[in-house]
Protein chains: 2
Amino acid sequence: MTEAKALTKNQTLVLGALSGANGPLSAYDILDRLRPEGLRSPLQIYRALAPLVEQGRVHRLESLNSFVACAHDHTHGHHSHSPVVFAICETCGQVTEFSDEKVAQQLRGWAKDVGFKTGKTTLELRGTCRTCLAA
Amino acid sequence: MTEAKALTKNQTLVLGALSGANGPLSAYDILDRLRPEGLRSPLQIYRALAPLVEQGRVHRLESLNSFVACAHDHTHGHHSHSPVVFAICETCGQVTEFSDEKVAQQLRGWAKDVGFKTGKTTLELRGTCRTCLAA
DNA sequence: TCTCTCTATGTCATGTTATTACATCTGACA
DNA sequence: TGTCAGATGTAATAACATGACATAGAGAGA
Ligand SMILES: [Zn+2]
Ligand SMILES: [Zn+2]
Ligand SMILES: [Zn+2]
Ligand SMILES: [Zn+2]
């Protein structure tokens with residue numbers, strides 16, 4: 001099990017801002033929310049984000065250039081290494097995070113066949129969530 | 001079959017630049033390559049890219065903020081709507097494009113189960129290609 | 001305690017990616 | 001010829017991200 005590392009002051013602020021949001025935030029959105037706490041520059045946000053993303057407490061959504069707090073429990077270590085799928089509702093902004101072992105397996109199979117060594121996998125679905133479809 | 005639409009002058013230039021490149025190019029990379037042809041502003045590039053992406057002749061790589069020419073034949077219409085997977089070598093920049101019906105099926109299944117209507121799917125693998133692993 | 005060093009932080013400047021607003025050109029066609 | 005739609009040109013600006021350098025604070029060891 002990976003040890004849950006203590007967070008620095010700025011990391012705590014940034015993670016708090018993301019956890020308190022009801023959807024993804026850009027680094028500049030986060031900055032705006034943390035100005036009252038004394039943060040002033042984008043770099044402070046990006047610096048705090050880097051280790052949070054590294055540890056899996058925060059995920060970067062490539063198709064939005066923004067960030068979300070991980071939906072899983074991180075007090076006892078980070079979640080599995082099955083690539084994570086993000087379903088992003090373009091109407092309400094909600095992000096649903098899940099992982100799918102079949103998809104992971106299939107992609108591993110392709111990689112093995114062609115000799116590709118996979119690092120990070122980005123898998124994002126843009127669309128409309130059930131709630132917004134009903135409305 | 002979708003009719004292959006004629007390209008405008010700028011679209012032709014941009015698609016040519018992407019086809020001639022051996023990897024993904026950012027809009028500004030494309031602009032630099034097309035300055036000799038008289039293009040001067042980023043907007044000219046973005047405007048040409050939009051319909052090319054729309055038609056599937058060019059793909060946008062979200063994890064790189066850049067663009068590649070589609071690897072498939074577009075003279076007789078565009079390729080299947082199975083979501084496309086991009087494997088991006090971080091060493092040599094090569095992008096391999098493929099589609100995987102099992103993955104597509106699995107994601108459709110998830111979407112059906114939770115009532116999510118999927119629009120665009122982004123699926124990108126970052127890693128190292130066979131050739132670069134061997135080197 | 002003193003100082004060395006490592007990490008985190010603060011700030012300014014800059015680089016990179018993308019869009020808004022507005023003017024002009026071109027060709028189809030009534 | 002006059003009108004209109006689509007394509008193009010240009011300037012300005014917004015949005016996202018990093019480089020370079022200075023400072024502050026905590027802990028190790030003399
Ligand atoms: Zn997560
Ligand atoms: Zn929704
Ligand atoms: Zn393609
Ligand atoms: Zn390679």
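Just so you know, these numbers come straight off a predicted model, no measurement behind them.
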Report the distance from atom CG of B:L49 to atom OG of B:S66, rounding to the nearest 0.5 Å.
-> 10.5 Å

Specify the separation, in whole Å, of atom CG of A:L7 and atom P of C:dT9.
-> 10 Å

Ion pair check, B:K117 and A:E90, cut-off under 4.0 Å = no

What's the CG-P distance between A:L13 and C:dA8, to the nearest Å?
-> 15 Å

Should the pair B:F98 and A:W110 be assigned to parallel (<30°), tilted (30 to 60°) or perpendicular (>60°) ring geometry?
-> parallel

Are any of B:R40's side-chain N or O atoms less than 4.0 Å away from OP1 or OP2 of D:dT10?
-> yes

Reading nucleotides 14-25 of chain D from the 5' end, what letters show protein touch, with B for base, S for backbone sugar-phosphate only, - for no heavy atom under 4.0 Å?
-> --BBBBB-----

Interatomic distance, B:L52 CG vs D:dA7 P [rounded to whole Å] = 12 Å

Do the side-chain N or O atoms of A:Q44 get closer than 4.0 angstrom to the phosphate oxygens (OP1, OP2) of C:dG10?
-> yes

Do other residues, nucleotides or ligands put more than 12 heavy atoms under 6.0 Å from the CZ atom of B:R130?
-> no

Here the distance between atom P of C:dT16 and atom CG of B:L61, to the nearest Å, is 19 Å

Figure out the CD1/P separation between B:I45 and C:dT17, and round it to whole Å.
-> 13 Å

How close or far is atom P of D:dA7 from atom CG of B:L49, stated in whole angstroms?
-> 15 Å

Got a salt bridge between A:R126 and A:E124, using NZ or NE/NH1/NH2 to carboxylate O under 4.0 Å?
-> no

Crowding at NZ, A:K112 (>12 non-hydrogen neighbours, <6.0 Å) | no

